[in-house]
There are 2 protein chains.
Amino acid sequence: MLVSTDLRPNETRALAALFRAGALSRAALARDLGLTRSTTGALVLGLTEAGLARERSDGADDEQDGEGRVGRPGILVEIDGNGGFFLGAYIGVNWIAAVAVDLAGVKRAGASRVFAGPGSTPAAAVAIIKELVAEVRSQLPAGTRPYGLNVAVPGFPAADGVSYHATILGWHGVNLAELLVSAFGDEFPILLENDANAVAVAETYRAQPGQDDEDVLVMLIENGVGGGIINAGRLHRGRLGGAGEIGHLRIGDEGFVFDAKRPGRLESYVGKDALLARYLHISGLRVGVDEFVAAIASGDPAAVATARDWALWFGRGLATLTCTLQPERIILSGSVNAVYPFVAEQIEAFLSDFLAEGYPVPSIELARVGADGPALGAACLLHQAALSGDPQFQLRGLAAR
Amino acid sequence: MLVSTDLRPNETRALAALFRAGALSRAALARDLGLTRSTTGALVLGLTEAGLARERSDGADDEQDGEGRVGRPGILVEIDGNGGFFLGAYIGVNWIAAVAVDLAGVKRAGASRVFAGPGSTPAAAVAIIKELVAEVRSQLPAGTRPYGLNVAVPGFPAADGVSYHATILGWHGVNLAELLVSAFGDEFPILLENDANAVAVAETYRAQPGQDDEDVLVMLIENGVGGGIINAGRLHRGRLGGAGEIGHLRIGDEGFVFDAKRPGRLESYVGKDALLARYLHISGLRVGVDEFVAAIASGDPAAVATARDWALWFGRGLATLTCTLQPERIILSGSVNAVYPFVAEQIEAFLSDFLAEGYPVPSIELARVGADGPALGAACLLHQAALSGDPQFQLRGLAAR
DNA sequence: CGACGTTTGTTCGATTTGCATACTAATTGA
DNA sequence: TCAATTAGTATGCAAATCGAACAAACGTCG
């Protein structure tokens with residue numbers, strides 16, 4: 001009879017090692033885990049029978065050094081993606097999305113729908129998520145049960161830890177977790193995550209094999225400015241998952257848009273509204289980000305001057321964040337990041353000038369993940385938890401008993 | 001024959017659980033580790049024979065609930081401090097210190113000496129550390145070999161990861177690690193850590209039993225302003241251990257002390273020099289921190305006004321850091337923290353006003369650890385690494401073979 | 001006070017896990 | 001063709017853990 005069995009600690013460790021490396025021979029895996037080859041062979045056999053790992057079929061191998069490698073070549077073993085699935089969802093201002101990531105960390109399915117965020121109720125959003133999740137699950141192999149659902153939201157839990165405030169959606173004090181649980185039952189655990197944090201995970205998770213302990217700051221720049229902090233490959237969540245609210249950074253006295261209560265914040269200088277307000281002030285033209293970027297590209301002096309002002313304040317924010325977090329990379333996400341390439345030199349010069357001598361200057365890059373980044377990152381967080389041995393997402397395999 | 005043997009994984013986990021809880025019965029430990037009572041009994045027996053754990057002798061027990069606890073009471077087991085020692089040292093501007101922390105996380109020995117930092121060579125500092133370490137080791141039980149030495153330094157490694165810059169000591173591009181290794185040989189591993197990071201660990205490590213995953217920001221305010229970030233109980237080091245350089249936070253345009261190259265930094269508003277310069281500007285008096293604090297206490301209007309200005313900028317810095325990191329607590333260390341109590345109300349009011357609605361306001365506390373905080377924290381970092389199973393600090397026990 | 005339920009610690013055999021040591025297989029280099 | 005080297009597998013043994021039993025030590029309640 002086939003039964004679902006919990007994985008033993010070393011089986012989970014083996015999967016994590018395979019995930020980090022992409023694929024390993026049994027011998028390499030043994031070295032990685034500090035076990036003998038015989039033990040590792042048995043481990044791989046178990047994982048293979050359980051449908052969680054498989055030998056790589058395509059002849060491609062010798063990833064490691066290829067050249068003067070003497071001795072019998074190994075058979076690469078990799079994770080079998082079909083071994084498990086993790087669901088992520090995103091409640092955005094304009095749309096709602098759901099995705100599934102498989103055991104190999106690859107996106108396997110996705111669905112989305114437009115959503116009139118402000119004005120809609122949380123219950124309406126949850127209903128849409130329920131439909132999208134069903135749609136996503138229908139795209140997965142039959143008979144699979146996901147390990148969990150993580151929902152990215154543009155907001156934060158309040159000090160009590162449960163009531164969500166999503167100002168941008170007009171939601172205050174909503175118990176989203178309860179709504180979701182009552183919609184989905186207890187088939188799998190349900191978590192919530194801030195959208196900027198999720199994007200940060202999506203941008204950095206498994207960016208390159210073997211590199212899983214980076215220090216990265218991801219900035220998400222739209223009207224507001226959010227951020228996600230990755231420390232040694234892990235999300236720095238803060239007390240209630242509210243770390244990285246970098247739009248509230250106090251970097252000056254006023255701002256390009258006026259805010260009587262909280263003047264001088266980063267997002268009142270570098271957010272989308274602020275940028276366009278500055279351009280309006282200089283040029284007298286009211287435009288969107290795309291038009292503005294086109295104006296810089298065409299050499300419009302007002303646009304160039306606006307971008308220069310924007311870069312001045314953006315550089316201040318970057319300097320503050322770099323000192324505080326010392327990231328290796330800073331990744332810019334959100335529509336406003338299109339402005340960055342035009343002022344990259346200015347900002348990088350300012351940064352290396354402002355930072356102390358010898359202090360490493362982070363490299364600044366543009367985002368690679370698309371619009372479903374928050375949903376993807378949310379799912380990746382579950383994947384990470386499962387491969388880390390988190391008991392809440394204890395991996396299972398099918399075994400003959 | 002007695003031989004030194006490496007601990008098995010579950011023995012290390014058991015010690016970590018005992019450390020977290022302070023003391024546990026075998027049954028409680030079994031629940032904590034997810035093992036059976038019989039296995040745990042054997043585990044405890046092994047640890048006891050190896051001299052790493054012991055039954056608590058003082059009759060004091062029932063820490064847990066005492067009241068209606070039915071059933072046979074357990075025998076509390078705790079870590080035997082003599083099971084191992086961890087060395088920490090600190091190279092300060094005016095003095096050098098060394099301490100030893102035992103396996104139970106308790107400071108067991110210390111020694112210090114004055115040191116004319118600026119003007120002295122790194123080699124001279126290393127020679128003093130060598131003497132102090134010998135002095136500290138002589139205070140420990142005979143025959144013990146420490147697991148490692150961690151040296152806290154007021155500086156950071158440069159982008160290459162090895163050459164240290166300690167501007168405050170006048171050192172640039174020094175390979176401190178190499179100097180230390182050549183002085184001590186390879187008897188035990190030697191590490192380096194920034195002093196503010198070390199203080200942060202000293203202030204938070206084992207602050208209260210059972211609470212080991214806090215989010216805390218520790219600010220160290222002297223002439224410069226440094227910081228250490230504790231995320232989920234772990235030091236957030238950044239790429240090269242240089243995270244938390246919060247003195248460079250850009251919060252304004254100028255500063256109370258002038259800095260042409262990097263104007264507007266937090267430390268040019270709230271550092272010791274800045275504070276006293278502001279007081280000089282207002283009162284015409286040139287004083288030290290102690291006198292300044294006495295002046296506030298006595299109601300001197302110039303001092304009170306200075307403190308109010310100080311608090312204004314300090315609040316801006318706190319707001320920025322709170323948004324970025326969302327700590328539960330902020331701990332103020334360094335001599336300037338004596339000013340805080342006089343402006344606590346003002347700063348807390350500003351903070352809860354500036355932060356978004358529902359955003360948790362961190363509690364702000366004064367430091368508890370004394371002047372050897374950096375050395376203590378450095379030693380605690382090794383203790384933490386050893387109990388986490390870091391192979392570099394693999395715990396050992398004495399066992400009959 | 002004593003029977004009863006509950007929890008702890010220990011004992012002991014069974015089971016599982018991992019290691020050491022072989023051995024075969026597949027490749028490079030001479 | 002023949003070492004040398006590395007990968008994978010089989011097998012017996014040692015260690016770690018479990019499961020079930022049992023005695024010990026405490027509350028509770030009649």
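Letters A, B, ... are given to chains in the order of the sequence lines, protein chains preceding strands, and every chain is numbered from 1. Computed from a prediction, not measured in an experiment: that's the story for all the values here.
Checked by atom type, the side-chain pair A/Ser388/A/Arg234 shows a donor-acceptor distance below 3.5 Å.
Residues satisfying the side chain to side chain contact (heavy atoms under 4.5 Å, CB included) test with B/Ile75, not counting sequence neighbours, are B/Arg26, B/Glu55. With sequence neighbours left out, B/Thr48 forms a side chain to side chain donor-acceptor pair (under 3.5 Å) with no residue at all. Every residue two or more places apart in sequence or in another chain was checked for a ring-ring contact (aromatic ring centres under 6.0 Å, His included) with A/Phe393, and none qualifies. Taking A/Arg145 as the reference, A/Arg137, A/Glu187, A/Arg396 meet the side chain to side chain contact (heavy atoms under 4.5 Å, CB included) condition, with sequence neighbours excluded. Judged as a salt bridge (Lys or Arg N to Asp or Glu O under 4.0 Å), and not counting sequence neighbours, the contacts of B/Arg108 are B/Asp102. Residues passing the side chain to side chain donor-acceptor pair (under 3.5 Å) test with B/Asp160 are B/Ser163, sequence neighbours excluded. Legend: residues meeting side chain to side chain contact (heavy atoms under 4.5 Å, CB included) with B/Arg237, ordered by chain and number and at least two apart, are B/Glu193, B/Leu235. With sequence neighbours excluded, no residue satisfies side chain to side chain donor-acceptor pair (under 3.5 Å) with A/Thr12. Legend: residues meeting side chain to side chain contact (heavy atoms under 4.5 Å, CB included) with A/Ala100, ordered by chain and number and at least two apart, are A/Leu87, A/Ala109, A/Val136, A/Leu140.
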Atom pairs, protein N/O to nucleotides 20-22 of chain C N/O, distance under 3.5 Å:
from, atom 1, to, atom 2, distance (Å)
C/dA20, N6, A/Ser38, OG, 3.1

Below 3.5 Å between N/O atoms, which protein atoms pair up with nucleotides 1-6 of chain C? Just atom names and distances, please.
none

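Comparing B/Gly41 and A/Leu35 against DNA chain C, the residue whose closest nucleotide sits nearer the 5' end is B/Gly41.
Distance B/Arg26 CZ to D/dA24 P: 17 Å, rounded to the nearest Å. Rounded to an integer number of Å, the gap from CG of A/Asp32 to P of D/dA7 is 14 Å. The CG-C1' distance, from A/Asn10 to C/dC19, rounds to 13 Å in whole Å.
Taking every heavy atom of residues 388-396 of chain A and every atom of DNA chain C, no pair lies under 4.0 Å.
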